[in-house]
Amino acid sequence: MAIATINPATGETLKTFEPLNDAEIAAKLDVAGQAFEFHRQTSFERRSQYLQKAADILEQDKAEFAKLMTLEMGKPFKAAIAEVEKCAVVCRYYAEHAADFLADVTVQTDASHSFVRYQPLGVILAVMPWNFPFWQVFRFAAPALMAGNVGLLKHASNVPQCALAIEDILQRAGFPTGVFQTLLIGAAKVADLMADERVKAATLTGSEPAGVSLATAAGKQIKKTVLELGGSDPFIVLASADLETAVVTATTARMLNNGQSCIAAKRFIVVEAIADKFEKLLLDKFEALKLGDPMELDTDLGPLATPGILQDLDQQVQDAISSGGKVITGGHALSDRPGNFYPPTIITNIPPDTPIAKEEFFGPVALLFRVADIDAAIKLANDTPFGLGASAWTTNDQERDRLITEIEAGSVFINSMVKSDPRLPFGGIKRSGYGRELSIQGIHEFMNVKTVWVK
Ligand code: NAP
């Protein structure tokens with residue numbers, strides 16, 4: 001895949017980049033290794049000042065960064081602004097809490113003094129996706145750099161200008177040269193990086209095949225990885241739910257980021273008693289969405305990020321129809337305009353056991369399933385290879401407790417859409433990946449948890 005900025009709203013190639021050659025990659029690895037030796041010695045106070053400064057830069061220039069995201073991957077500008085603001089929040093969160101999260105922890109034993117000390121591992125490779133081009137990177141970088149680790153970013157090939165802007169922000173914030181570098185390289189170079197002894201661990205957010213490939217390369221070298229992969233998250237609505245709020249939230253949760261979010265609600269599982277009403281309300285909401293130029297402030301739905309994603313989604317919808325699904329709105333790529341536009345789409349009647357029902361739809365397509373009761377809802381929710389996040393709607397306490405306990409996912413949100421929050425751990429189980437980002441758990445991922453025993 002070429003490293004280039006191609007506007008998804010018009011199809012126009014705006015800028016192309018030469019990937020780094022092997023000598024240039026090696027030079028950056030050297031600089032990263034040297035930077036670690038220095039950075040690991042700096043105080044939490046100093047790192048915290050840099051990260052606070054990064055937050056200031058993000059806030060001051062948020063319109064500029066947001067425009068870059070919209071230009072490169074098509075998310076609505078107002079959502080891009082919110083993404084930059086959230087990056088500032090995660091920077092401030094770790095600037096404030098990292099020292100506490102990584103303080104020595106005394107454990108009483110028969111030693112005179114025994115404790116746990118957290119120490120950074122070194123150079124960490126971050127392979128990141130285009131869908132939240134700033135957020136995905138900052139949620140890795142803020143804890144990693146606060147912990148004394150050093151970051152190397154291999155960003156998705158369609159967001160090179162975002163990748164370079166992030167490197168620039170962290171440098172302007174004061175982090176010394178080499179503490180955070182962007183590598184403009186293709187995916188084929190990742191395995192070699194994992195084999196390089198200067199790289200100590202890696203995190204990847206992206207698709208399952210990419211996760212398998214990185215974990216295989218890392219496994220050969222016994223290197224730690226964190227994987228944040230895909231999801232086909234359920235959105236369960238039981239009879240006692242506040243239906244109006246559930247439908248408004250369902251629409252937001254499916255359309256987030258033009259439908260291209262790992263934690264977007266993708267399978268809507270609704271009990272029969274309210275299914276007709278839910279379907280009608282959802283249809284009204286989907287048909288009221290404004291599709292168009294993502295730079296316009298009143299646009300709800302912009303283009304998909306690449307022509308390939310558009311094609312894949314269109315094929316999945318056709319497969320769903322062939323498997324018995326019924327399209328009640330949308331259902332075809334928009335061919336009457338340039339850019340990668342796909343309309344809001346609802347598919348009902350898909351037999352739950354067909355292979356297509358278990359796939360992740362990465363775009364504005366909702367699969368609607370009807371079930372008899374909570375037992376059937378939980379069974380269907382768990383009948384997926386993924387396990388990222390689940391949203392479930394009920395006002396009944398017993399139902400709520402069952403949903404929290406029995407749903408197989410990294411998170412369960414009751415009467416709310418699934419979202420990430422720096423204060424809470426984020427990640428999946430099953431084929432959605434392993435490890436956690438954000439919160440105290442996230443900053444502990446790339447640390448040597450050293451046991452100390454003093455007699
Ligand atoms: P992708 O194709 O896997 O790309 C993600 C990153 O991995 C890019 O930097 C890509 O580089 C790189 N990559 C691709 N193939 C690779 C390989 N074989 N070895 C090493 N690196 C490789 O994923 P995407 O289509 O951009 O993103 C969509 C997927 O990400 C969805 O499944 C979504 O659910 C998931 N996602 C998960 C989370 C989460 O937190 N769990 C968040 C966001 C997205 P190139 O661009 O150069 O190919």
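Numbering of ligands and ligand atoms starts at 1, following listing order.
The shortest N or O to N or O distance between W130 and ligand 1 is under 3.5 Å. Between R139 and ligand 1, at least one pair of N/O atoms sits closer than 3.5 Å. Taking distance alone, with nitrogen or oxygen atoms compared against 3.5 Å, K266 stays at or beyond that limit from ligand 1. Of the polar atoms of K154, at least one N or O is found under 3.5 Å from an N or O of ligand 1, judged by distance alone. Polar contact with ligand 1: absent for S261 (N/O pair, distance under 3.5 Å). For the pair E360 and ligand 1, the shortest N or O to N or O distance falls below 3.5 Å. At under 3.5 Å, a nitrogen or oxygen of S213, whether backbone or side chain, sits near a nitrogen or oxygen of ligand 1. In terms of N/O distances under 3.5 Å, ligand 1 is not approached by L214.
Residues D312 and Q316 have side chains that never bring a donor and an acceptor to within less than 3.5 angstrom of each other.
Among all protein heavy atoms, the one lying closest to atom 12 (C) of ligand 1 is V127 CG1, 3.6 Å. Of all protein heavy atoms, the one closest to atom 41 (N) of ligand 1 is L229 O, 2.7 Å.
Proximity of F278 to L368: side-chain heavy atoms (C-beta onward) are separated by under 4.5 Å at one or more points.
Remark: K200 engages no residue in a side-chain hydrogen bond (donor to acceptor under 3.5 Å, both in side chains) (not counting sequence neighbours). The ring-ring contact (aromatic ring centres under 6.0 Å, His included) test applied to Y434 returns no partner, not counting sequence neighbours.
Between R254 and D233 no salt bridge is recorded (no basic side-chain N to carboxylate O distance below 4.0 Å). Classification of R92 and E59 as a salt-bridged pair holds, one side-chain N sitting under 4.0 Å from a carboxylate O.
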